[in-house]
Structure formats: structure tokens, C-alpha cells
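Labels below follow one simple rule: chain letters A, B, ... track the order of the sequence lines, proteins then strands, and each chain is numbered from 1.
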Amino acid sequence: MSGDYGHGDSQVNSGSKGSETHKHKDKHKDKEHRHKDHKKDKEREKLKHSNSEYKEHSEKKHKDRDKLKHSNSSSDKHREKHKEKRKEEKIKSSHDKPKKEKENGYVRDASPPAIKSEPEEDNGFYASPQHNKTSKREYNNQEFECKPKKVKVEHDRKAQKRKHEYEEDEEDEDIKPKKKTKDKRVTEGKKSKKEEEEKWKWWEEERYTDGSKWRFLEHKGPVFAPPYEPLPDKVRFYYDGKPMKLSAPAEEVATFFSKMLDHEYTTKDIFRKNFFKDWRKEMTSEEKSKITDLNKCDFTEMNEYFKAQSEARKQMSKEEKQKIKEENERLVQEYGFCIMDNHKERIGNFRIEPPGLFRGRGDHPKMGMLKRRIRPEDIIINCSKDSKHPKPPPGTKWKEVRHDNKVTWLASWTENIQGSIKYIMLNPSSRIKGEKDWQKYETARRLKKCVDRIRTQYRDDWKSKEMRIRQRAVALYFIDKLALRAGNEKEEGETADTVGCCSLRVEHVKLYPKMDDQEYVVEFDFLGKDSIRYYNKIPVEKRVFKNLQLFLENKQPEDDLFDRLNTSILNKHLQELMDGLTAKVFRTYNASITLQQQLKELTCPDDSIPAKILSYNRANRAVAILCNHQRAPPKTFEKSMQNLQTKIEEKQNQLSAARKQLKVAKSDHKASHDDKSKKAVEVKRKAVQRIEEQLMKLQVQATDREENKQIALGTSKLNYLDPRISVAWCKKWGVGIEKIYNKTQREKFAWAIDMAEKDYEF
DNA sequence: GTTTTAACTTAGTAATCTGCAG
DNA sequence: CTGCAGATTACTAAGTTAAAAC
């Protein structure tokens with residue numbers, strides 16, 4: 001490994017460029033606070049940011065992180081400068097409405113895009129069986145009045161046929177819309193709308209090829225957070241020991257804080273500092289001059305008031321609760337659905353996020369800031385021109401109403417903490433989400449076909465004479481082997497300090513040429529998405545190890561491990577290897593293939609159903625571990641484990657009792673040989689068998705739960721595992737699908753449940 | 001080319017619901 | 001019927017990625 005990879009120039013950092021260094025000193029101060037006191041839950045703490053060893057270690061390292069950050073290379077320095085600049089701008093613009101407005105508002109608006117009034121080619125259409133001529137024509141004339149008169153319905157027979165066509169074709173091409181060869185069926189059947197709507201099989205229809213997401217979209221707009229209700233006078237806030245009546249805006253923000261008093265983070269410096277700063281902005285000038293020290297604020301009365309309130313809510317009579325429930329239901333009925341292309345679809349989140357105090361995950365520099373109340377004037381509505389536009393609440397206006405059918409959202413607003421955009425979108429069971437999900441798995445299946453080639457290539461690239469190529473190849477190896485996330489760069493100081501593959505720093509890996517009986521071991525220890533700790537020690541191939549040593553040469557702990565790489569470079573490369581390939585496809589692919597392979601390995605044909613389900617959960621667990629999906633051990637874990645143990649013991653006692661009875665019955669029978677005693681034996685035998693089964697079930701449950709203590713299965717099940725694998729497995733072994741997927745999940749995966757047969761292969 | 005933004009997926013936790021043992 | 005544990009749902013933060021803007 002010597003000079004032959006032109007890496008001599010900039011990737012190795014040469015001496016620090018001093019001037020940048022000091023600017024950031026303050027930031028370190030903040031950083032030192034991070035990682036210190038954490039989640040209220042100690043256990044969780046252990047799991048997430050894990051042992052203090054990690055914390056200390058990372059704190060120390062951060063101290064002089066910036067020093068080096070800037071010394072890295074000229075381009076790095078450049079980057080940093082931009083970051084700074086942007087940060088300043090951001091701060092300014094948060095006070096500077098007009099500018100923001102422009103960014104979000106008019107840009108697109110200038111040329112209201114969206115719905116073409118001319119139909120394109122036939123094949124540009126999302127043609128469903130019931131998009132018969134009539135409905136098409138409706139669409140085509142949409143400059144005028146073409147609101148679908150009725151929500152269409154599905155139920156066709158021919159469509160069944162298409163199920164398989166899809167699968168086969170997809171083998172090669174991913175789901176491409178079929179030619180519109182099927183004739184349209186008009187089926188305004190007799191069934192109730194609801195029933196029919198449930199049966200709509202969008203997956204048997206063709207998809208848009210022109211990049212549009214819908215032709216028609218109508219909805220009622222979002223539901224806003226209820227207005228603030230001032231506290232009763234008897235609930236008081238004290239400053240410096242004296243009661244003080246706050247103005248409504250200041251009081252509201254104070255209630256946010258008071259509600260969180262039990263949370264540990266209200267004791268954190270950053271949280272308190274951010275909160276106080278934002279709170280003061282809401283105060284009147286008198287309040288501002290009086291309230292100068294958060295430590296002198298006493299919110300306990302308010303806190304108790306809210307606790308009492310929630311207690312009272314729990315104690316409400318059944319009728320009252322019922323009433324609230326019904327009211328809620330009404331709201332869902334009215335606002336929870338939209339009509340998209342002839343079908344009524346469920347909206348995922350039709351309520352606007354209420355105001356409150358921001359709590360990021362992990363050590364977030366913005367924790368405690370005020371998340372402001374969203375008003376109609378902040379909302380952009382998206383719907384089709386020819387739909388009945390949602391009405392803003394009386395006396396208010398929308399920020400904008402646009403008609404962009406190249407996107408899937410119904411409404412959006414800009415959030416004030418990070419300046420990012422939030423959206424109202426459809427439920428996962430909707431066509432628009434389902435198609436995308438399906439497509440995701442098809443892309444992963446295409447990767448399956450060429451993954452060998454890609455692996456061969458990146459192994460080859462470990463030997464490249466170009467540093468950037470080696471880095472790319474090693475990073476890809478990690479992404480493939482360890483299912484790491486891509487790892488975008490983040491703005492320092494804006495978010496918690498977390499990393500993914502491309503943003504790994506020197507301090508996150510340790511190399512051990514020898515460890516126990518293994519060679520070339522790499523130890524990873526870093527905080528990933530949501531500040532979940534990733535800790536892993538794995539042996540790697542010698543070449544990878546040598547390359548890592550090379551990447552680490554002459555670098556400081558806070559320097560990037562892959563200084564010649566970022567996600568954009570990586571994804572561009574991947575795109576060239578396979579159409580649609582990006583870093584995250586590897587996670588999907590590896591998760592799904594692991595499930596399939598684990599199921600094959602773990603399922604014993606002779607096992608009982610519960611044992612099979614345990615196998616399924618174990619296979620699922622293998623994936624969750626691969627993807628590092630963790631959770632806090634449930635607060636009641638120990639207790640519930642114990643309860644289960646007690647149950648098991650009881651059951652064991654029952655079993656031995658039942659066995660005794662069986663024995664007795666048997667000897668009775670031997671003695672008398674009559675029919676009656678024979679029957680008794682049978683009965684007892686059955687009882688024993690039943691109890692054995694129950695016991696087994698309990699034991700399996702205990703094992704499952706124990707193994708699952710700090711692993712979350714839900715995330716992978718919902719986002720990474722091709723549902724058709726699970727459906728096929730259920731069909732193959734006669735396990736009810738509801739044993740694996742609950743109602744919501746079955747709705748989301750309806751397409752898979754409908755189309756996968758027992759021999760489906762990912 | 002680099003940075004920024006928009007759009008959408010993925011993520012863990014808190015709140016709420018449900019069904020079952022007592 | 002009631003309380004509570006486990007299941008489900010709601011919520012919203014935090015990622016990824018492609019495209020737009022500089």
C-alpha cells in the first residue's frame with residue numbers, strides 16, 4: 001500500500017488552518033452538554049447512547065472536533081463556510097417572513113402546472129377497469145366541471161388474471177403499467193359503496209407513466225389544533241414566589257412547559273435556555289422585564305391542574321366518553337378522507353400538528369424551542385382545479401391553493417424549528433402509497449438479480465488506484481454487509497450529531513488486526529438515525545481492513561472516514577450499476593432476502609402453529625437486528641415477564657394434575673373395561689393434550705418476549721420486508737395471515753395478500 | 001459543481017384502545 | 001364490571017433522494 005493511489009494531495013489533512021478554529025469554540029461547549037444527562041429512563045439510556053464509556057468518549061472527542069474539521073482540505077473548508085452562511089441566513093429569515101414566503105410560495109405558483117386539460121396518449125393514463133370511456137371523458141374536460149359524480153368501485157373478474165402477469169413481467173422490468181388492453185368494465189353494482197370501495201384492487205390497474213400522481217383530488221383541508229383555552233383564575237403561575245397573571249400568549253407557552261415538568265429534559269440546560277428564549281418572545285414588555293430568570297418560575301400549580309384534568313378525563317362516565325368518541329368519529333368521517341381519482345381514500349394525518357415545545361431526539365441543539373401554532377395562512381392546499389376546494393375556517397385564508405398533480409400531498413406548511421416542510425398525505429393503504437411500496441420491493445428484487453455482479457465489482461474496486469473509488473467501494477461494502485444507511489451530511493449545530501455510512505468519522509471506527517481468534521476486526525460505535533447507537537464488531541476482509549487503515553492515516557478523530565465520498569457521489573455510481581439503485585435499496589434487499597432465507601431455515605414443517613409463529617418472529621428479529629431497530633425495553637417488561645412465568649408454573653401444575661387424572665382413568669378402564677371408563681380415558685387424554693399445548697404456547701411466548709426485549713420488529717415489518725414473503729409463508733404453512741399482520745398492516749399490505757401465492761419468491 | 005429544497009420514507013415513543021383475568 | 005397489560009394507533013422527528021437553484 002504505498003504511493004500508488006494518487007491520494008497524496010488533499011484527502012489527507014495537512015496541518016490545520018488556524019483561523020477557522022476558534023469560531024466554533026462555543027459550539028463545543030454545547031456539545032459537552034450533550035450526551036450527559038439523558039432520557040429519563042435509565043435503561044433506555046443504556047441502550048441508546050449506551051454505556052457511559054461511549055458518552056465520555058464521544059464528548060471528549062467532540063471537544064476539538066471543529067478544529068480539525070476545517071483543517072481537512074480546502075474543499076472542506078469551503079463547505080464549512082457555506083454552512084455558516086446558511087445558518088445565519090436561516091436565523092434571519094425566520095424573522096423575515098417575506099423572504100420565506102417567496103421561497104415557498106410563488107416559485108411554483110408562477111405557472112400553475114398540474115392537470116393537463118388535454119388527455120395525453122392513451123397509455124399515459126392510469127386506466128382502471130372502471131375508468132371507462134365516460135369517466136375518461138370527464139377527466140378530459142376538466143377545465144370545466146368534471147368532478148366525479150360517484151366514487152367508483154371495483155370488482156372485476158378479468159382483473160384476476162393480471163395478478164400473474166405482473167409478477168412475471170416484473171421479473172425483468174419492475175412494475176410497468178400494462179398496456180391498456182383490458183376493456184373497461186362498467187360495474188356500478190348493487191353492493192354498498194363501502195363494501196365495494198374496500199375491495200378496490202388498485203394493483204390490478206395500470207399506472208401513470210407520465211409522472212403525474214393523480215387526475216382528480218378533492219378534500220376538505222386539514223383540521224387545526226383547537227384554540228388555546230386560558231387557565232381558570234385559580235390556577236396560578238408564580239414568579240419569585242409571588243403569583244402572577246400572565247397574558248394569554250405567554251400563558252399558553254408556559255402551559256407547554258408546565259405539562260412537561262415530569263420529563264427529565266426540562267432540567268437540561270439547552271432545553272431550558274431555548275424554551276426561555278422563545279417564551280420571552282411571547283411575553284408582553286412588562287412580563288419580559290419582570291420575568292428574567294427561569295429558575296424563579298414556578299409552574300407546579302399549572303402542572304397539577306393538567307394532571308387533574310387528565311385524571312378527570314379518565315374518570316368520565318361511559319356516556320361522556322362515548323360522546324367524545326362519536327364526535328371524533330364524525331371529524332374523521334368529514335376530514336379523514338379524500339377523493340382521488342374516483343376513489344375515496346383515507347388520509348394519513350389530517351390534523352395539523354399542535355403548538356408545543358420541540359423535543360428532538362438525542363442531544364438536539366434545538367430542544368425546548370417553541371413550535372408555533374399553524375394558522376390557515378400558513379397552509380398551502382393542493383387539490384385539483386375542478387374539485388370543490390376546501391374552505392378555510394371563517395375569517396381566514398389559505399396561504400395558497402395550488403393544483404399540482406405531480407405530487408401526492410394534500411396540504412403543506414413550513415415548520416418553524418428547522419424550516420422544513422410538513423405534509424398531509426394519504427394513508428399507507430391508499431393506492432398512491434401502495435404502488436410506491438410495491439415498486440420499492442420490485443427494485444430490491446431487481447437488485448437481487450445483479451447483486452453478485454455489483455459485489456464483484458466493488459471488491460475489485462478495493463484495489464483501484466484511485467482513492468475515491470476505494471472509498472466508494474468500502475462504503476458500499478458496509479452498506480451491503482451491515483445494512484448501514486447512506487449517511488447524508490448534516491448541518492452542524494442544527495441537529496443532533498448522528499451519522500450514517502458516508503458521514504462516518506474516524507472516531508466511529510476502531511481497527512483490530514487481531515481480536516481473540518479473529519483477524520481484521522472493525523469495531524463500529526456511533527449514533528445513527530434518531531440517535532440510536534450502532535455498536536458492532538465484525539471481521540472484514542483483509543483488503544477492506546488495509547484500506548481502512550489507509551483512510552485513517554494522518555487523520556484526527558473528527559475527520560471524515562470517507563473524505564472523498566458523499567451520498568450523492570455514491571448514489572450516482574449506484575445509478576450507473578442498476579437503474580433505480582440507491583443506497584437504501586440495499587437495506588430493503590438485505591432485509592427481505594434475510595427474512596426469506598431465515599424463514600426457510602427456521603420453519604420446521606412439523607411444528608405447531610405457535611412454534612411456527614415463533615420461527616417467523618425469529619426470522620423477523622434477525623432482520624431487525626441487521627437493521628439495528630431497537631426500542632426501549634417496555635417499562636413493564638420485568639413484571640410482565642414474571643407474570644408469564646407464574647402462568648407457566650400454574651400450567652405445569654395443571655398438567656401434572658391432568659396427567660394423574662389420566663392415569664387414574666386408565667387404570668379404571670383396565671379394571672372395568674366398560675364403555676364409560678373408556679370414554680373417560682379419552683376425555684382425560686384430550687385434556688392433557690390441551691394443557692400441554694397451552695403450556696407450550698406459553699413457553700414459546702416467554703421465549704419470544706425475552707428475545708424481543710429491546711428489539712423492535714415493527715419497523716422492519718412495515719418498511720423493509722416484502723410482504724409477499726410473509727404472505728407466501730403463511731399460505732405455505734397454513735398460518736392465518738392475521739397471526740402475522742394486524743388489521744392496519746393487512747390494509748397496508750392488501751396488495752401483497754391478494755397477489756402472493758405460497759410459492760412466491762422474493 | 002455545490003448547495004438547497006421539496007417530497008417522500010423510515011423511525012421510535014406517547015397516547016389510546018381493547019379484551020381478558022379477576 | 002373493572003383495571004390493567006399488551007396491542008394498536010397517532011404523532012412527528014429524522015432520515016434519503018432527486019431536482020432545483022445558485
Less than 6.0 Å separating the ring centroids of Phe526(A) and Tyr534(A)? yes
So, does Lys440(A) get its side chain near the phosphate of dT10(B), meaning an N or O under 4.0 Å from OP1 or OP2? yes
What contact category does Arg705(A) fall into here, base, sugar-phosphate, or nothing, at under 4.0 angstrom with non-hydrogen atoms? sugar-phosphate
Return no unless some side-chain N or O of Arg631(A) is found under 4.0 Å from OP1 or OP2 of dA14(B). no
Answer with base, sugar-phosphate or nothing: what part of the nucleic acid does Lys325(A) contact at a heavy-atom distance below 4.0 Å? sugar-phosphate
Protein-nucleotides 2-4 of chain C N/O pairs closer than 3.5 Å?
none

Are any of Thr408(A)'s side-chain N or O atoms less than 4.0 Å away from OP1 or OP2 of dA7(B)? no
Electrostatic pair Lys366(A):Asp278(A) at N-O distance under 4.0 angstrom: no
Could you state the CE-C1' distance from Met425(A) to dT12(C), rounded to the nearest angstrom? 13 Å
Basic-acidic side-chain contact under 4.0 Å: Asp378(A), Arg372(A): yes
Do Gln630(A) and Gln710(A) have side chains that get closer than 4.5 Å, going by heavy atoms? no
Go along nucleotides 13-18 of chain C 5' to 3' and tag each nucleotide: B for a protein heavy atom under 4.0 Å from its base, S when only backbone or sugar atoms are that close, - otherwise. BBSBBS
Nucleotide nearest Tyr720(A) (side chain, heavy atoms from C-beta), chosen from dT8(C), dT10(B), dA14(B): dT10(B)
Select base, sugar-phosphate, or nothing to describe what Pro354(A) touches, counting heavy atoms under 4.0 Å on all strands. sugar-phosphate
Measure the distance from CD on Glu747(A) to P on dT8(C) and round it to the nearest whole Å. 12 Å
Taking the ring of His219(A) and the ring of Tyr335(A), is the distance between their centroids below 6.0 Å? no
Listed nucleotide nearest any side-chain atom of Lys433(A), set dC11(C), dA7(B), dC8(B): dC8(B)
In whole angstrom, what separates Ile421(A)'s CD1 from dA20(C)'s C1'? 12 Å
Roughly, in whole Å, what's the span from CD in Glu494(A) to C1' in dT5(B)? 15 Å
Whole-Å distance between dT8(C) C1' and Lys717(A) NZ? 12 Å
Length of the CZ-C1' vector between Phe256(A) and dA14(B), whole Å: 17 Å
Hey, which sits more toward the 5' end of DNA chain B by its nearest nucleotide, Ser412(A) or Leu718(A)? Ser412(A)
Mind running side chain to side chain donor-acceptor pair (under 3.5 Å) on Gln471(A) and Asp563(A) for me, showing each step along the way? CA-CA 8 Å; Gln471(A) 292 194 354; Asp563(A) 52 287; 3.1 Å; yes
Evaluate the ring planes of Phe524(A) and Phe478(A), with Trp represented by its six-membered ring, and classify them as parallel (under 30°), tilted (30 to 60°) or perpendicular (over 60°). perpendicular
Ile347(A) CD1 to dA10(C) P, in whole Å, measures 13 Å
Going by ring-ring contact (aromatic ring centres under 6.0 Å, His included), name the residues that satisfy it together with Phe257(A), two or more places apart in sequence or in a different chain. Phe275(A), Phe299(A)
Which heavy-atom pair separates Asn488(A) from Ser503(A) by the least distance, and what is that distance? O-OG, 3.8 Å
Reckon Lys321(A) touches a base, only the sugar-phosphate, or nothing at all at heavy-atom distances under 4.0 Å? nothing
Given dT12(C), dT9(B), dT10(B), identify the nucleotide with an atom nearest to the side chain of Asn349(A). dT12(C)
For a quick test of reading the model: is some side-chain N or O of Tyr423(A) closer than 4.0 Å to OP1 or OP2 of dT12(C)? no
Give a yes or no on whether the backbone of Leu721(A) and the side-chain of Tyr441(A) come within a donor-acceptor separation of less than 3.5 Å. yes
Would you please classify the geometry between the Trp202(A) ring and the Trp751(A) ring as parallel, tilted or perpendicular, with 30° and 60° separating the classes? tilted
Can you work out whether Asn328(A) or Ser716(A) has the more 5'-proximal nearest nucleotide on DNA chain B? Ser716(A)
Separation of atom CZ in Phe306(A) from atom P in dA14(B), rounded to whole Å: 19 Å
